[in-house]
Amino acid sequence: MILNVTFWAFSALAVFSGWRVFRADSMVRAAYWLLLSFAAVGIILVLLKAEFLGLILILMMGGEMTIMAVFMVAFMMNPAGLNPMTMVHRNSVAIVAGVVSFLAIAALGLFARFPVARAPAGVDPTRKLGVELLGNSMLVFQTAGVTLLAAMIAAIAISSARGRYGDADQGSVEPDQMVTAPAGDVAAAAAHDPAPVISPGVHQ
Amino acid sequence: MGVKAALARLAAGAPARCFAVVGAEADEIAPWLRLDPELVIVDSPRAADVLLVLGQLDDEMVRAAAGVHDALPPPRGVVSWSPGGERPVSWPFTDDVRVDDPAQIPAACRRLRDELLSGRRASSPDILPDIDPAPWRGVGPFGQGGAGMTGGVPYGRPLAARADDRDGLKLDQILVRVGPYLPPFPSGLVLDVKIQGDVIQEVSIPTPAAVAPDLISAGAHSAGAHSLTGERALFNAAVTQPVPVADIEVARARHHLVWLAEALRVSGLEAYGRRVLKLARTVRPEAAEPVDDLSRWLRRNVSLRWGTSGVGMVSASRAAALPGGPVARAAGDGRDARSLDPAYERLGFTPVVLEDGDALARWRVRVDEAQQALALAQRAGESLTTPIGLVEGPCGPIGGERSTSAALVTMLPELLVGMEWGDAVTTVVSLDIDMAEAALPHDAAVASRAS
Amino acid sequence: MNALRVVIAVVSVGAVSVAGIYLAAWVDLLVGRAVAGLEVRPLDALSAPLRWGAATALKTRTTTERPDAETWALAPALLAALAAVGLAAVPLAPGLLAADVANGIVLFGAAMALVVVAVFLQGWSPNSPLPMIGGYRFIAEGLSYEIPLAVVLIAAALPARSLAIAPIVTSQEHLWNIVRQPLGLPLYLMAGLGLAFWGPLALPEGQDLAGGSSLETSGVSRILWRTAQLLVLVAVAAMGAAVFLGGWLGPLFPGAAWMIVKTIILLVPLIATRHFVARVPTERYVVVSWAILIPLSLLDVFIAGIQALVAAR
Amino acid sequence: MTLQALIVVAAALFGIGVYGALSQQSFVMIMMGLELMLNGTILAGGSMWALTTGGSPKGQMLVVVLMTVMAVEAAMGFALVIGIYRVRKADITEKIKRLKG
């Protein structure tokens with residue numbers, strides 16, 4: 001009973017905060033709404049006895065979302081939400097796609113038959129996972145490790161200020177600042193102002 | 001009500017937390033307040049019960065003090081002291097507690113705090129109007145203001161601009177005005193700083209020498225009206241008349257120790273700073289061992305060396321452009337007005353000179369000079385200085401073309417660019433800028449001396 | 001039965017929190033007075049934290065121009081909650097564990113990883129430049145202490161072959177981890193100072209920022225922030241006592257008494273660093289952390305691994 | 001706490017993620033959409049493990065792999081944002097009209 005109520009509460013929190021990510025005006029808030037969504041999923045995993053995975057998820061996302069928040073502050077305009085903002089394109093298409101994928105997966109969950117086999121009590125899932133990771137699935141573990149290493153090297157290579165042929169920003173071009181109104185909001189835009197209304201990135 | 005009364009009774013035993021606004025001619029009083037057990041001088045007005053307004057403030061500084069006042073959380077009050085009891089015409093603190101005797105400041109603060117917290121006295125009201133500097137108006141289809149989604153000036157505050165960073169990216173940069181009462185900086189210093197993250201990209205000084213001309217006149221005027229006391233008067237007097245060498249050297253040692261206490265405090269060693277401040281108050285040439293102990297302790301403290309070595313380099317050429325003083329001597333420039341004085345020559349004086357030119361060297365020069373000053377004072381006996389028109393003050397020569405402090409202030413913008421905020425503060429503190437000296441032009445200084 | 005034990009554990013965590021915070025504030029005051037060369041007067045100092053709290057509680061919670069009010073109000077509460085969760089992960093005596101999870105070390109690590117969020121929000125939300133710099137600094141600092149912290153804790157868990165803390169304590173029956181892994185405790189305490197942004201690692205709240213991330217905070221929020229910061233220190237000390245000093249193990253006295261004594265033994269030097277070690281510049285701390293502390297912590301886990309292999313033979 | 005309920009919640013997270021990834025203009029916001037999709041997947045994977053596999057660690061393995069994917073996605077995402085920003089001074093998708101360098 002208590003378990004069910006907790007589960008529904010955290011599920012609701014996960015979905016609500018996931019939705020708020022794309023409704024926040026402040027970049028920092030968006031990042032931390034996402035963190036909240038991850039934390040709620042982490043707690044659901046703990047409730048499901050996948051304690052280690054749930055806690056590791058929270059640990060990992062705590063760091064990642066903070067970096068994301070700083071990234072947003074450094075790269076984006078309006079990090080603090082002083083201006084109301086919506087930065088979307090093809091909004092209606094996206095909504096349709098989101099709803100369709102939700103319905104498809106939910107239908108799969110509701111109508112497909114899954115075997116019912118709960119984890120037996122008395123075994124330590126963390127221990128089993130550890131044995132699996134370093135025993136039977138050593139290959140998976142190693143692959144994950146090498147993938148992460150490759151990702152680190154690639155990330156440094158891509159983001160480095162100096163490329164193989166000199167400075168990375170050599171010959172870089174400022175793109176056209178003017179962007180036409182997004183398709184989904186043409187009507188709204190036209191009603192207010194016929195001129196191109198959005199030119200993100202322009203500062204004064 | 002019951003809870004509040006009980007809390008107020010409990011709080012009555014605590015020291016009064018004060019944020020100090022220090023104007024001209026208060027530098028003989030302000031540092032010692034940190035030693036008083038009835039007071040705590042706090043770094044942020046948000047943590048203060050009482051705004052302490054000390055010394056003479058010009059209009060510009062009074063306006064800034066009014067802003068600080070409004071940042072104090074109610075219930076709040078103001079205690080003010082000014083030499084001679086004068087207040088400028090634009091004095092905004094209508095219900096301040098005025099103290100005439102500086103010795104009464106702590107008791108007055110404590111009493112005011114108790115009255116405020118127990119509700120016996122009303123909190124002093126806001127001075128500045130609480131309105132947006134500019135009303136915000138939505139323009140775009142989503143209500144965004146100004147030109148473009150993120151352009152415009154929401155509430156009169158420009159959004160961050162973009163500027164190149166040290167990694168070849170173009171990232172947000174904000175303009176911040178710091179001062180005149182930012183605690184780690186010398187009181188009265190105002191800087192316009194462009195920061196990106198915590199890296200300083202551009203520094204400018206809003207008005208020359210950071211202080212409006214009013215202060216210069218106020219300083220000169222008051223210097224005539226109520227003759228300067230203490231350290232500054234002593235050094236100024238030595239320009240034109242013979243003064244006991246012992247007095248001047250003890251004053252120098254005391255100045256350096258007071259500076260060291262503040263520098264330690266900004267480095268995070270507040271308690272040790274208090275110890276040094278206590279030492280500064282009681283320092284005598286006959287009992288110089290505590291200063292020697294201090295010097296040894298400083299040399300051994302790795303963490304202090306870490307925070308100061310290599311920070312705020314003043315090159316030899318920059319040092320040569322200074323009129324002199326400990327900052328130049330820490331950068332290998334051996335000029336010292338005392339070398340010209342036959343009285344010092346008889347005492348076997350050689351200036352303390354270090355080569356490094358960083359903040360650590362400046363710390364060491366000052367501590368060594370404090371030690372040396374005490375030794376000189378002990379050897380000097382009754383001997384008097386020779387008035388040669390130039391006196392080596394604690395911050396640099398007095399009586400010359402222009403003051404070292406003024407030269408240091410004009411040097412700040414190029415010195416601080418590219419530093420992280422913490423290093424910039426370490427640098428400013430290590431320069432020991434005396435804003436009153438920086439504000440007094442040569443003529444005014446001479447005028448005040450003549451009177 | 002089980003529920004009763006959890007209730008007792010939760011109550012004892014609450015009691016330890018309050019007592020620990022008070023003790024930390026008191027020790028800070030005493031050491032500060034001694035270093036300043038003042039009369040120490042321990043009894044007089046006993047009431048000082050309460051008096052400070054009363055005076056601060058009577059002040060209004062002020063606001064700034066356009067702050068992010070919700071996150072600003074949330075930040076101190078979040079820090080307090082995280083510190084409490086961290087403390088709850090530590091068993092105070094055999095069976096006396098509030099957060100009864102099988103991965104206590106991971107729970108502690110997860111709670112402490114989120115401290116960065118609380119401090120960043122505290123600095124970011126007031127919409128004021130110096131607190132914001134404090135918030136930024138803590139992110140640089142956070143990435144630098146988190147890795148050594150996690151690695152030395154994993155190394156301490158190795159001999160126990162468990163991520164739960166009770167087995168880690170009992171695994172030290174014959175030899176405490178402080179001896180077995182000499183690098184562990186010093187690295188852990190250094191990381192703990194960073195975590196609690198205290199003393200030499202008080203980078204987000206340094207005097208050079210005039211108080212930094214809590215510069216604009218007043219009233220009840222200020223009390224909560226300060227106490228939460230001290231609670232982080234208490235949690236760090238308690239976890240260190242359990243994981244490196246053998247927790248409740250000890251002769252004669254009951255386990256809880258040993259645990260308390262060992263926690264105090266770690267807490268006092270942590271608090272006292274503030275008065276002996278100057279604040280470290282952010283950039284140098286980050287460099288030292290990545291160039292020295294992280295390799296050392298990897299060496300620590302390597303040594304622990306070899307010992308575990310030898311023990312398994 | 002049935003499997004059906006868990007899958008519906010996971011589907012909701014995934015759906016919101018899809019919406020975010022498709023609708024947002026800013027690169028970092030698109031990354032957030034992707035992360036939210038992965039969040040839903042992790043939830044689904046975790047609940048499948050808990051309720052259908054009888055405690056076999058293989059299910060948890062999948063979640064570990066998903067977390068690796070997330071870490072790689074974040075690292076590469078941030079790197080690409082910096083790289084594109086360096087070359088094009090762009091931080092939203094509309095500013096890069098073609099992907100050629």
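This structure is a prediction, so every number in the text was calculated from the model and none was measured. As a basis for the values below, the full set of heavy atoms in this structure was taken, side chains included, without hydrogen atoms, waters or symmetry mates. Naming convention: chains lettered A, B, ... in sequence-line order (proteins, then strands); numbering from 1 in each chain.
Two residues are said to be in side-chain contact when any heavy atoms from C-beta on lie closer than 4.5 Å; I44(A) and L6(D) meet this criterion. No side-chain heavy atom of P57(D) sits less than 4.5 Å from a side-chain heavy atom of V131(A). Between V99(A) and Y19(D) there is no side-chain heavy-atom pair separated by less than 4.5 Å. Between M76(D) and I158(A), some side-chain heavy-atom pair lies under the 4.5 Å cut-off. Counting only heavy atoms from C-beta outward, the side chains of L22(D) and N91(A) never approach each other to under 4.5 Å. At least one side-chain heavy atom of L36(D) sits under 4.5 Å from a side-chain heavy atom of L34(A). A heavy-atom distance below 4.5 Å is not found between the side chains of M31(D) and F71(A).
In terms of heavy-atom pairs under 4.5 Å with chain A, the best-connected choice from L80(D), V64(D), V18(D) is V18(D). Between chain D and the residues A154(A), P115(A), A31(A), the most heavy-atom pairs under 4.5 angstrom are made by P115(A). The candidate from A12(A), G109(A), A107(A), A104(A) with the greatest count of non-hydrogen atom pairs under 4.5 Å with chain D is G109(A). Heavy-atom pairs under 4.5 Å with chain D were tallied for L45(A), V21(A), L57(A), T147(A); the largest tally goes to L57(A). Chain A forms the most heavy-atom pairs under 4.5 Å with one residue out of S56(D), A50(D), A10(D), A11(D), and that residue is A11(D). In terms of heavy-atom pairs under 4.5 Å with chain A, the best-connected choice from K58(D), M61(D), M37(D) is M61(D). Chain A forms more heavy-atom pairs under 4.5 Å with one residue of I42(D), V9(D), V65(D), T52(D) than with any other, namely T52(D).
Taking all atoms of both residues into account, the shortest heavy-atom contact from A155(A) to A75(D) is CB-O, 3.8 Å. The two residues L13(D) and A14(A) have their closest heavy-atom pair at CD2-O, 3.4 Å. The heavy-atom pair separating G15(D) from S101(A) by the smallest distance is CA-OG, 3.8 Å. Closest non-hydrogen pair, I105(A) versus I7(D), comes out as O-CG2, 3.7 Å.
Shown here is R20(A), whose CZ atom has more than 12 heavy atoms of other residues, nucleotides or ligands within 6.0 Å. Within a 6.0 Å radius of CZ in F141(A), no more than 12 heavy atoms belonging to other residues, nucleotides or ligands are found. For CZ of F102(A), the number of neighbouring non-hydrogen atoms (other residues, nucleotides, ligands) closer than 6.0 Å is greater than 12.
Looking at L38(D), neither its backbone nor its side chain comes within 4.5 Å of chain A, counting heavy atoms on both sides. For chain D, the nearby part of M65(A) is the side chain; its heavy atoms alone come within less than 4.5 Å. The parts of M68(A) that come within reach of chain D are both its backbone and its side chain, each placing non-hydrogen atoms under 4.5 angstrom from that chain. Proximity to chain A involves both the backbone and the side chain of V8(D), based on heavy atoms less than 4.5 angstrom apart. When heavy atoms are compared at a cutoff of 4.5 Å, A150(A) does not approach chain D at all. If you measure heavy-atom distances from M48(D) to chain A, the contacts under 4.5 Å come from the side chain alone.
Rounding to the nearest 0.5 angstrom, the gap separating the OG1 atom in T2(D) from the CZ atom in F7(A) is 7.0 Å. The CZ atom of F22(A) sits 8.0 Å away from atom CE of M32(D), with the distance rounded to the nearest 0.5 Å. To the nearest 0.5 angstrom, W49(D) atom CH2 is 8.0 Å from L48(A) atom CG. In this structure, CD in Q60(D) is found 9.5 Å from NZ in K128(A), a value given to the nearest 0.5 Å. Atom CG of L148(A) is separated from atom CE of M67(D) by 12.5 Å, given to the nearest 0.5 angstrom. Taken from CG in N39(D) to CZ in F38(A), the straight-line distance is 4.0 Å, to the nearest 0.5 Å.
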